[in-house]
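Worksheet: the structure to be examined is printed underneath.
Residue numbers start from 1 in every chain, and the chains themselves are labelled A, B, ... in the order their sequence lines are given, proteins ahead of strands. Below, all heavy atoms of this structure are taken into account, side chains as well, without hydrogens, waters or symmetry copies. Keep in mind it's a predicted model, so treat the numbers as computed, not measured.
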There are 2 protein chains.
Amino acid sequence: MTRGGDSGGGTGVDPQQLWLTPDRPRKGRRPAFTREAITAAAVALADAEGLDAVTMRRVAAEVGAGVMSLYSYAPDKETLLELMADHVSGELPTDTAPTGDWRADLKAIAHEQRALMLRHPWLPVTLATHRTPGPNTLAFLERALAALRPTGLDGAAKLEAFAQLTAFVAGYVSHEVTRAGSAHPPQRAAAEARYLQAVAADGRHPELAEVLAAPGRPLEPEAMFTRFLNRLIDGLATD
Amino acid sequence: MTRGGDSGGGTGVDPQQLWLTPDRPRKGRRPAFTREAITAAAVALADAEGLDAVTMRRVAAEVGAGVMSLYSYAPDKETLLELMADHVSGELPTDTAPTGDWRADLKAIAHEQRALMLRHPWLPVTLATHRTPGPNTLAFLERALAALRPTGLDGAAKLEAFAQLTAFVAGYVSHEVTRAGSAHPPQRAAAEARYLQAVAADGRHPELAEVLAAPGRPLEPEAMFTRFLNRLIDGLATD
DNA sequence: TACACTTCCCGTACGCTGTACGAGAATGAA
DNA sequence: TTCATTCTCGTACAGCGTACGGGAAGTGTA
């Protein structure tokens, strides 16, 4: 750790130690890098080459540091991923005031989350496992809670509603980018189609055969998202 | 590859080569293991110790094989994960006939998926990245398509509806097990609570402060799931 | 100026991972 | 028996996260 020492002694890192750390001490050698710069480099790497490209060695090379220097800014790689997630969450608008129509507000929030995740396709993956909110995430949460105020839900329910909304968006986008991502080249899609056709031809999958025979037009992910989202939110606090 | 050779030459493995392979050839040494047994061992490992415990060495040791022998049954680890996912999908019921009430059928399907994922908490994670359906997954898909028949949706829409439903369930369960899983010991939860209290005390998060001051009673994940699910499905093909 | 003290940088090293390679064992066909 | 085929798996390698600890760079005190 840069400042404070890891006295937590459990699984993961004490969030208080991680996020609520004041200025650097007045003594000792001055840091050559910043947590900010390292995080930004890791994010750029993940955006450009995917999450697998984010290795401590690659990130260190990118910022011009030695590998082990990174550990002065984040205690381990898991934490670096958490820093990355909160870093990009800074792109989310936080100063939008509630309109009074909480459903509309929540829909806007979800659309912003989706846009963010489409810009950073690795985000849903990291969100699925790393769940200690940093300052940017908390600022966004603050806005979501404000939007949820008119619902009259109690505290736990509001938190849960936001968490579930985020999980839904992450799940949707995760699926969306898998379908259309770089990991799905035309050749692979064709092989998959051939495979499904072969399965459908075996006679024991009549429904699949019919679906493949009359596919209909492909669906807009955007419109699909909106529809699912509207349904989810419209019924959120009605029963 | 056991049989056929990997002539695909793209990203991943040709699904046809993987799933649609006939009996073993008539010549050559007889296999000492089965794909089935190896997959089952990997599943048992993941269930007992989590997905990280599933390494080629551990799996090989578990079945009593040499490490490299596994590569006769699955071309790489990614594929082994895919085999695992389809393996446990065999636990899903497939012979349930549609009742005519497609919404009720779909809700039942989602509840079965959730139960499966709770039994195998690693499943949502692997589903998020590995998406070539094996025979068991296809059998279940067949049932879902049958259930969706009364909706009158076209082929692509039916497939998409099923995929999105699965993504939703995976996202929900993923979040559910993170909250309550073994990776969330009381000590860690307490540290997180302390951290949030500290943030709320800074004055710039009034909504969060209020939420933490009046939390209300914790929510039942089961009831929450049902409510979300009902809302999602009830509005699925109405507009 | 000299020294102690603190803080940070980072080369080296270790155990772990997935898996390429190829030698050798087991089998069916000729 | 001999040959081709198929499977098993020991060895080896590059790459991973990161523990350790020596040296460099800064501040505060004498």
Tyr71(A) side chain near dG17(D) phosphate (N/O to OP1/OP2, under 4.0 Å): no
Between Asp86(B) and Trp19(B), a side-chain donor and acceptor under 3.5 Å: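 No, no side-chain donor-acceptor pair sits under 3.5 Å.
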Nucleotide nearest Ala32(B) (side chain, heavy atoms from C-beta), chosen from dC10(C), dC8(C), dT8(D):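 Nearest to the side-chain atoms of Ala32(B), counting from C-beta on, is dT8(D).
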Residue Val67(A), side-chain heavy atoms: nucleotide from dC9(D), dT18(D), dT19(C) that is nearest: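 It is dT18(D).
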Strand-adjacent residues in residues 56-64 of chain B, judged by heavy atoms under 4.0 Å from DNA chain C: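 The stretch gives Met56(B), Arg57(B) as the residues lying under 4.0 Å from the strand, ordered by number.
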Aromatic ring pairing Phe168(A)/Phe228(A), orientation class (parallel under 30°, perpendicular over 60°, tilted between): tilted
Glu91(A) atom CD: more than 12 heavy-atom contacts under 6.0 Å: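 Correct, the count exceeds 12.
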5′-ward residue of the pair Arg29(A)/Asp52(A) relative to DNA chain D: Asp52(A)
Arg114(A): partners by salt bridge (charged side-chain N to carboxylate O under 4.0 Å, His left out), with sequence neighbours left out: Glu176(A), Glu222(A)
Partners passing salt bridge (charged side-chain N to carboxylate O under 4.0 Å, His left out) against Glu112(A) (at least two apart in sequence or in another chain): Arg143(A)
Rounded to whole Å, please give me the gap between [atom1] in [X] and [atom2] in [N].
X        : N       : atom1 : atom2 : value
Glu78(B) : dT19(C) : CD    : C1'   : 13 Å
Tyr73(A) : dT18(D) : OH    : P     : 18 Å
Met68(B) : dA23(C) : CE    : P     : 15 Å
Lys77(B) : dC16(D) : NZ    : P     : 16 Å

Quick one: which protein N/O atoms are closer than 3.5 Å to N/O atoms of nucleotides 28-30 of chain C? Pair and distance per line, please.
residue	atom	partner	partner atom	Å
dG28(C)	OP1	Arg30(B)	NH2	3.1
dG28(C)	O3'	Arg26(B)	O	3.4

Touch class at under 4.0 angstrom, heavy-atom based, for Thr55(B) against every strand present: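 The answer is sugar-phosphate, as Thr55(B) gets under 4.0 Å only of primed atoms, P, OP1 or OP2.
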Any pair counted as side chain to side chain donor-acceptor pair (under 3.5 Å), so long as it reaches residues 51-64 of chain B, sequence neighbours left out: Glu49(B)-Arg58(B)
Side chain to side chain donor-acceptor pair (under 3.5 Å): pairs with one or both residues in residues 165-174 of chain A, sequence neighbours excluded: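 Every side chain to side chain donor-acceptor pair (under 3.5 Å) pair that includes a residue of residues 165-174 of chain A, provided the two are not neighbours, is Gln113(A)-Thr166(A).
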Close side-chain approach of Leu165(A) to Leu229(A), heavy-atom, < 4.5 Å: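 They are in side-chain contact.
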Smallest separation among heavy atoms of Asp14(A) and Arg188(B), with atom names: N-NH1, 4.4 Å
